[in-house]
Structure formats: structure tokens, C-alpha cells
Amino acid sequence: MEQIKHRIVEVNGIKMHVAEKGEGPVVLFLHGFPELWYSWRHQILSLSSLGYRAVAPDLRGYGDTEAPPSISSYNCFHIVGDLVALIDSLGVQQVFLVAHDWGAIIGWYLCMFRPDKVKAYVCLSVPFWPRNPKVKPVDAMRAIYGDDYYICRFQEPGKAEGELAKNSTEQVIKNVFISRKPGPPILEKEGMGFNPNTSMPLPTWLSQEDLTYYASKFEKTGFTGGLNYYRNFNLNWELTAPWTGAQVKVPVKFITGDLDLVYTSLGTKNYIESGAFKKDVPNLEEVVVQEGVAHFNNQEAAEDVSNHIYDFIKKF
């Protein structure tokens, strides 16, 4: 870990923190919520040892990257703009893209807006979600799961932050990371349903040192930057009207856990198994479902994920 280099890059009007290691073709890693570049620590070490230049930024609003105050500054165009500027700053035309959770959603936008920048995409947890021109995504989620579905609860500025603040930052992150409950996350009416029992044992894949690192960064930034991504679901839907019905034509490998909360809700499993995913992403080459693995598969099943990434990108 000491050999991972850290620097600040100016991209798209903000200062972005980037962690990187290795020489060779660039593999760009995008994290989700509530995560950081650090979520890719295992893959950075693994891929850099195999002849790749592993690059993992803190996305805008996270960690040591700037967090613009306006909610709309977290829409898909701003964040993809950050990434295009980052890729250009690396002095390469194209990257191998690897992304998880919100990073995966942004990854799909990058592949749709600028396919020329992506050689191949290894997507974790969140498949492509085609735009439904008839209904806004948050409205659809509210209709299916009600007001207490986590994405619906995250919409009101300041409210989720206030509820999260009733727990320690470390406790919030611990609860999110170690949850293994499949299906849609429906939150309790009061608070976010976090277990205040701090004696819950950590899983083997998450050390106290890891938890302390995450907590130290989120204690400085708070969760607003990350929550603002969720607050742009409907705006992203409006902005991407021109891409209704568009296919993503980048070569893709998709990896998820069979206990993943995304895989087990919103009709995701059926979307993948029915062939609709392949129809929207014609160059989807492989779907991997990891048995007994939950949402944070890049950390929980780190070695397996690293091997899958390498097996896919070495073909190009």
C-alpha cells in the first residue's frame, strides 16, 4: 500500500485526488457509495503487478476530491466530464474501465457518451438501466417500494445527513458494508435503521484499519457529496432523453454477488436472465454471479474479482 502514489489533478474545474500504481495500459477504477479510491486497494495491487497502470480517483464529493456545493453539480454530465478530463490528463486515448455501485452507473454513462474512451468495461453490481421515457426513476422506485426505499429517503437535502449523524461515522460505514440482507433496502421510519451495537464482528475482508480509514475521510467530508448522486437520478433522466433506446456497444463483463441488494431487487435478476441486458449491451460477453457474496464484491471477494478483471482485459 505504501507504494501507491497519490496526487491531485485539476479536472473539469475541480481538484481531484487520484491514487495510482504501476506502468502499462491504464485501468480506471470508479468507486460507489459510501466508498473511496480505497475500495480498490486489492485490485490496484493485483493489476499493477500484472503490467497495468491502476488509477483510482475519489469521485467528486468524496474523500480528498473537491465537493461542489450545488446538488446539480453531481449530475451525470459533470461526473463524466471529470473522468474524460482525468483520462486526457493521463496521456492516453482509452482506458480499461472497472466500476462498482454508483461508479458503475457513471461507468455506463461514460460508455454511452464517450465510447471512444473505453477499451472494455468490467462492471460490478449495477447493470445498465435503460431509460424508461414514461416515468422518472425515483417516481418508479417510490411506486414499487414506497417512500422508505433508501433511494427515496435520500432525496430530501439534509434529511438523510441528519439521520446518519445520529450514529458515529464509523458505525454508519460498518453497517452499510457488512449488511448481507438481499432485496430492496427499506429503511425504518425513524433513523436509518442502523444497529447501534458496535460489537458486531467485522467480516474477514474488512479490517479495523480499513474501517478507520473510511471513517477518517467521511468524518471530514460528511455524506452529502455521495448522497447528491442519488438526488440527481431524476435530473439525469431528464438530461439523457436524447439517449432513449441507445445501446452500449463497448465490450462488457458483468460481475455480481447472488446476495447483492441490486441483483435481488428492481427486477435486476430477471433483466439479466431474460436476455434484455444483452439486447441493450450487445457486446456483453459474460455475466458472473458469485455465490454467497453480497454487494461489496470488490472487497469481499477481492481476489476473485481481480482475476476476473485480468482474464477479461488481457484479451484486448
(Q) Quick check for you: to the nearest 0.5 Å, what is the distance between F77 atom CZ and D82 atom CG? (A) 13.5 Å
Q.
Pair F277, F254 - check ring pair (Phe, Tyr, Trp, His ring centres under 6.0 Å), show working.
A. CA-CA 10 Å; F277 186 18; F254 179 74; 5.4 Å; yes
**Q.** D101 and H295: side chain donor to acceptor below 3.5 Å
**A.** yes
Q: First locate atom CG of N228, then atom CG of L235, and finally report the distance between them rounded to the nearest 0.5 Å.
A: 11.5 Å
Q | Reported CG-to-NZ distance for the pair D210 and K174, which is rounded to 0.5 angstrom | A | 13.0 Å
Q. Do other residues, nucleotides or ligands put more than 12 heavy atoms under 6.0 Å from the NZ atom of K15?
A. no
Q: Report yes or no: does K253 contribute a side-chain atom to a donor-acceptor pair with the main-chain N or O of C123 at less than 3.5 Å?
A: no
Q | Check: H78/N75 side-chain N/O donor and acceptor closer than 3.5 Å | A | yes
Q. Picking from L36, L164, V172, what satisfies side chain to side chain contact (heavy atoms under 4.5 Å, CB included) with F218?
A. L36
Q: Go through the steps to decide whether K21 and E2 satisfy the test salt bridge (Lys or Arg N to Asp or Glu O under 4.0 Å), and finish with yes or no.
A: CA-CA 10 Å; K21 187 175 192 299; E2 305 78 58; over 6 Å; no
Q) Thinking salt bridges, do E20 and R53 make one under a 4.0 Å N-O criterion? A) yes
Q: Considering only NZ, NE, NH1 and NH2 on the basic side and carboxylate oxygens on the acidic side, decide whether D64 and K217 come within less than 4.0 Å.
A: yes
(Q) I'd like to know whether V84 forms a side chain to side chain contact (heavy atoms under 4.5 Å, CB included) with V80, so could you lay out the CA-CA distance, the side-chain angles of the two residues, the decisive distance to 0.1 Å, and finally the verdict. (A) CA-CA 6 Å; V84 170; V80 170; 4.1 Å; yes
**Q.** Centroid-centroid under 6.0 Å between W102 and Y229 rings
**A.** yes
**Q.** Contact list for residues 256-285, test salt bridge (charged side-chain N to carboxylate O under 4.0 Å, His left out), sequence neighbours left out
**A.** E285-K315
Q) So which of V9, V26, I44 actually passes side chain to side chain contact (heavy atoms under 4.5 Å, CB included) with V55? A) V26
Q) So, E35 and R41, do they make that salt bridge, N to O below 4.0 Å? A) no
**Q.** More than 12 heavy atoms from other groups under 6.0 Å of CD on Q93
**A.** no
